[in-house]
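Structure record follows, encoded as structure tokens.
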Amino acid sequence: AVQQFLRACLGGAQPQTFTPGTGQPARMFAGEDRAMHYVAPMPAQLGDGGLFVQTLQLVRDGSNGDYTLQLTYAPLSGDTASAKPSQPQTLLLHVADGHFRYLAAANNVDHARWLSAWKDSNGMPLAVRIDLRPGWRDRVGFPALLIPLRAGNGYALPLPPGTMQ
């Protein structure tokens, strides 16, 4: 159920600009190793229409050291999120480790490549890879998710020489 939800929400990310925080430049997508921010419609079963700035992140659970996969969202208002994001919605508990990767398209300088962060303000990745290692993996497998972004163009600036991908 979590994988289907992520495929629907993340796969439907839109090339809409938003401001991730005060004093930060507007962008279409922001991605880090354990958090990403994007604009997408919410699934119909949640009852809200329109586009929302969504944040998917792995948050450290202080009680046992595991991570929790959480989603927060706020209605898109112009090019910013509203001031009141939702309460974090728990999607998955007891994640021992995990990270997100972002597929940048090939260009005349680089081949297509997976990046550990998406910092380009003018584009969106072609796809997102979600690797999670749940603490309960011995009982039920959780394969890596590869989610194509239907509106993603994969545009990213070339990396400077010696930069880690």
Side-chain angles (χ1 to χ4, degrees), residues 1-59 67-92 95 97-107 110-132 134 142-159 165:
V2 170
Q3 290 183 348
Q4 285 304 103
F5 179 82
L6 291 173
R7 288 183 202 286
C9 284
L10 192 52
Q14 300 292 308
Q16 282 284 346
T17 57
F18 66 96
T19 304
T22 305
Q24 296 181 5
R27 56 188 336 102
M28 291 182 197
F29 190 98
E32 301 157 14
D33 187 50
R34 291 195 169 102
M36 67 180 88
H37 314 276
Y38 54 93
V39 175
M42 291 301 290
Q45 67 264 31
L46 294 180
D48 295 325
L51 294 175
F52 288 77
V53 177
Q54 300 179 23
T55 299
L56 181 66
Q57 61 187 340
L58 287 164
V59 178
Y67 291 94
T68 299
L69 182 63
Q70 294 181 348
L71 177 73
T72 55
Y73 52 91
L76 180 68
S77 173
D79 64 351
T80 62
S82 72
K84 297 181 182 181
S86 69
Q87 289 293 321
Q89 303 296 310
T90 298
L91 300 180
L92 199 59
V95 177
D97 198 10
H99 60 262
F100 308 141
R101 297 292 180 256
Y102 312 96
L103 184 60
N107 58 35
D110 292 314
H111 298 290
R113 64 203 184 281
W114 288 99
L115 305 173
S116 60
W118 188 270
K119 298 184 187 253
D120 196 287
S121 60
N122 294 319
M124 296 171 48
L126 291 172
V128 172
R129 182 181 169 115
I130 300 175
D131 290 301
L132 301 177
F142 196 91
L145 284 167
L146 180 60
I147 302 171
L149 303 187
R150 294 183 288 276
N153 59 8
Y155 176 75
L157 297 174
L159 294 174
Q165 296 185 24

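Keep in mind it's a predicted model, so treat the numbers as computed, not measured. We're numbering straight along the sequence, starting at 1.
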**Prompt:** Is Tyr102 reaching over with its side chain to a backbone N or O of Glu32, donor-acceptor style, under 3.5 angstrom?
**Reply:** yes
**Item:** Tyr38 versus Gln54, side-chain donor and acceptor atoms under 3.5 Å
**Value:** yes
**Fill in**
CG (Leu71) and OG1 (Thr55) are apart, to the nearest 0.5 Å, by 7.5 Å
**Request:** Just jot down the salt bridge (Lys or Arg N to Asp or Glu O under 4.0 Å) partners of Arg7, sequence neighbours excluded, or say none.
**Result:** none
**Request:** Could you check whether the rings of Trp118 and Phe29 sit parallel, tilted or perpendicular, using 30° and 60° as the cut-offs?
**Result:** perpendicular
**Prompt:** Of the non-hydrogen atoms in Val128 and Pro125, which two are nearest, and what is the gap between them?
**Reply:** CG2-CG, 4.3 Å
**Asked** For Ala104 and Leu126, which heavy atoms make the closest approach, and how far apart are they?
**Response** C-CD1, 4.5 Å
**Complete:** dist Ser116:OG -> Arg101:CZ (nearest 0.5 Å) comes out at 5.0 Å
**Prompt:** At what distance, to the nearest 0.5 angstrom, does CZ of Phe100 lie from CD1 of Ile147?
**Reply:** 9.5 Å
**Working for side chain to side chain contact (heavy atoms under 4.5 Å, CB included), residues Leu76 and Gln14** = CA-CA 11 Å; Leu76 180 68; Gln14 300 292 308; over 6 Å; no
**Request:** Starting at OG1 of Thr72, measure out to CZ of Phe52 and round the result to the nearest 0.5 Å.
**Result:** 12.0 Å
**Asked** How far apart are the closest heavy atoms of Ala40 and Ala13, and which atoms are they?
**Response** CB-CA, 3.9 Å
**Item:** Distance in Å, Leu103 CG paired with Leu115 CG, rounded so as to fall on 0.5 Å steps
**Value:** 8.0 Å
**Message:** On a heavy-atom basis, which atom in Ala144 and which in Asp131 lie closest, and how many Å separate them?
**Reply:** CB-OD1, 3.0 Å
**Non-neighbouring partners of Arg34 that pass side-chain contact (heavy atoms from CB on, under 4.5 Å), sequence neighbours left out** = Leu58, Tyr67, Asp97
**Request:** Take Leu91 and Leu56 through the test side chain to side chain contact (heavy atoms under 4.5 Å, CB included) and record every step on the way to the result.
**Result:** CA-CA 9 Å; Leu91 300 180; Leu56 181 66; 3.7 Å; yes
**Item:** Within-4.5 Å side-chain heavy-atom neighbours: Gln57 and Pro88
**Value:** no
**Request:** Provide the closest heavy-atom pair for Arg150 versus Ala8 in the form atom of the first, atom of the second, distance.
**Result:** NH2-O, 4.1 Å
**Distance, nearest 0.5 Å, that separates CG of Leu69 from CG of Leu6** = 6.0 Å
**Fill in**
Sorted by chain and residue number, the side-chain contact (heavy atoms from CB on, under 4.5 Å) partners of Ala30 (sequence neighbours excluded) come out as Arg27, His37
